[in-house]
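Just so you know, these numbers use all the heavy atoms, side chains as well, and skip hydrogens, waters and symmetry mates. Position 1 is the first residue of the sequence, and the numbers go up from there.
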Amino acid sequence: MSNQEKKLSISLLFIRLSVFLVMFMWTIDKFINPGHATKIFEKFYYISGLETLVIYGIATLEMAILVLFLAGYHKKFTYGAVLVFHAVSTFSAFQQYLTPFEGNHLLFFAAWPMLAACFMLFMLRDKDTLSLGR
């Protein structure tokens, strides 16, 4: 492995770890505070009335995909799923981008560099060769 390839692999690993951390915290929030997740689904995805058990099911599925993503397993599927999850999240907050200086809407702009990171990981998944154990 050349020095450039090694630098790229290390960089991709750190990006994967940081994307995992954010997504992991959002998923943990669904387990700890399913009422918050219900409000998010209502406000941003226009899905109302989700029961706690459904939120737990969504969180369980997300967590399984995230663990596989972290491990670098089935990259086309897991990296693609993480990209889709975050893209849906980013685009569903469209109204907040139109009023960035109201409330905490400015924080929503942090989603864009993370979306770029998810896209980059998906596109360069074959170059993302390191894992925590290697």
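Within 6.0 Å of atom CZ in F14, 12 or fewer heavy atoms from other residues, nucleotides or ligands are found, so the atom counts as exposed in its surroundings. Within a 6.0 Å sphere centred on OH of Y56, other residues, nucleotides and ligands contribute more than 12 heavy atoms. In Y45, the OH atom is crowded: over 12 heavy atoms of neighbouring residues, nucleotides or ligands sit closer than 6.0 Å.
Within the 4.5 Å cutoff, the side chain of T129 has heavy atoms near those of the M1 side chain. Counting heavy atoms from C-beta on, the side chains of F24 and M63 come closer than 4.5 Å. Contact check for M120 versus M123: no side-chain heavy atoms found under the 4.5 Å cut-off.
Ring geometry, F44 versus F108: the interplanar angle falls from 30° to 60°, so the pair is classed tilted.
Aromatic ring centroids of W26 and F20 lie 6.0 Å or more apart.
L115 contributes atom CG, which lies 14.0 Å from atom CZ of F85 (distance to the nearest 0.5 angstrom). Note that the CD1 atom of I55 and the CZ atom of F41 stand 5.0 Å from one another [nearest 0.5 Å]. Note that the CG atom of L8 and the CG atom of N3 stand 11.5 Å from one another [nearest 0.5 Å]. Here H86 contributes atom NE2 and W112 contributes atom CH2; the two are 8.5 Å apart, rounded to the nearest 0.5 Å. To the nearest 0.5 Å, atom CG of residue D126 and atom NZ of residue K76 are 9.5 Å apart. Taken to the nearest 0.5 Å, the CD1 atom of I15 stands 8.5 Å off from the CG atom of L124.
Using modelled atom types, no side-chain atom of S9 and backbone atom of L130 make a donor-acceptor pair closer than 3.5 Å. Panel note: side chain T38, backbone P34; a donor-acceptor pair is recorded below 3.5 Å. Side-chain N or O atoms of Y97 include one that pairs as donor or acceptor with a backbone N or O of T90 at under 3.5 Å.
Heavy atoms only, all atoms of each residue included: S131 and A71 are closest at CB-O, 4.4 Å. Closest heavy-atom contact between R125 and F122: NH1-O, 2.6 Å. Contact between Q96 and K43 at its shortest, heavy atoms only, is NE2-CE, 3.7 Å. Residues I65 and A81 share a closest heavy-atom pair of CG2-CB, 3.9 Å. The nearest pair of heavy atoms linking C118 to V19 is SG-CG1, 3.7 Å.
There is a path of hydrophobic side-chain contacts, each under 4.5 Å, that joins L83 to M25. I40 and F94 fall into different hydrophobic clusters, where Ile, Leu, Val, Met, Phe, Trp and Tyr side chains are chained together by heavy-atom contacts under 4.5 Å. Transitive grouping of hydrophobic side chains (ILVMFWY, heavy atoms separated by less than 4.5 Å) keeps L98 and L107 in distinct clusters. L17 and I10 fall within the same hydrophobic cluster, where Ile, Leu, Val, Met, Phe, Trp and Tyr residues are linked whenever their side-chain heavy atoms come under 4.5 Å apart, directly or through other members. Both L121 and F119 sit in one connected hydrophobic cluster of ILVMFWY residues. Membership requires side-chain heavy atoms under 4.5 Å apart, directly or through other members.
Partners of E62 under the side chain to side chain donor-acceptor pair (under 3.5 Å) rule, at least two apart in sequence or in another chain, are T27, K30.
Taking the charged nitrogens against the carboxylate oxygens, D128 and R16 do have a contact shorter than 4.0 Å, which makes a salt bridge.
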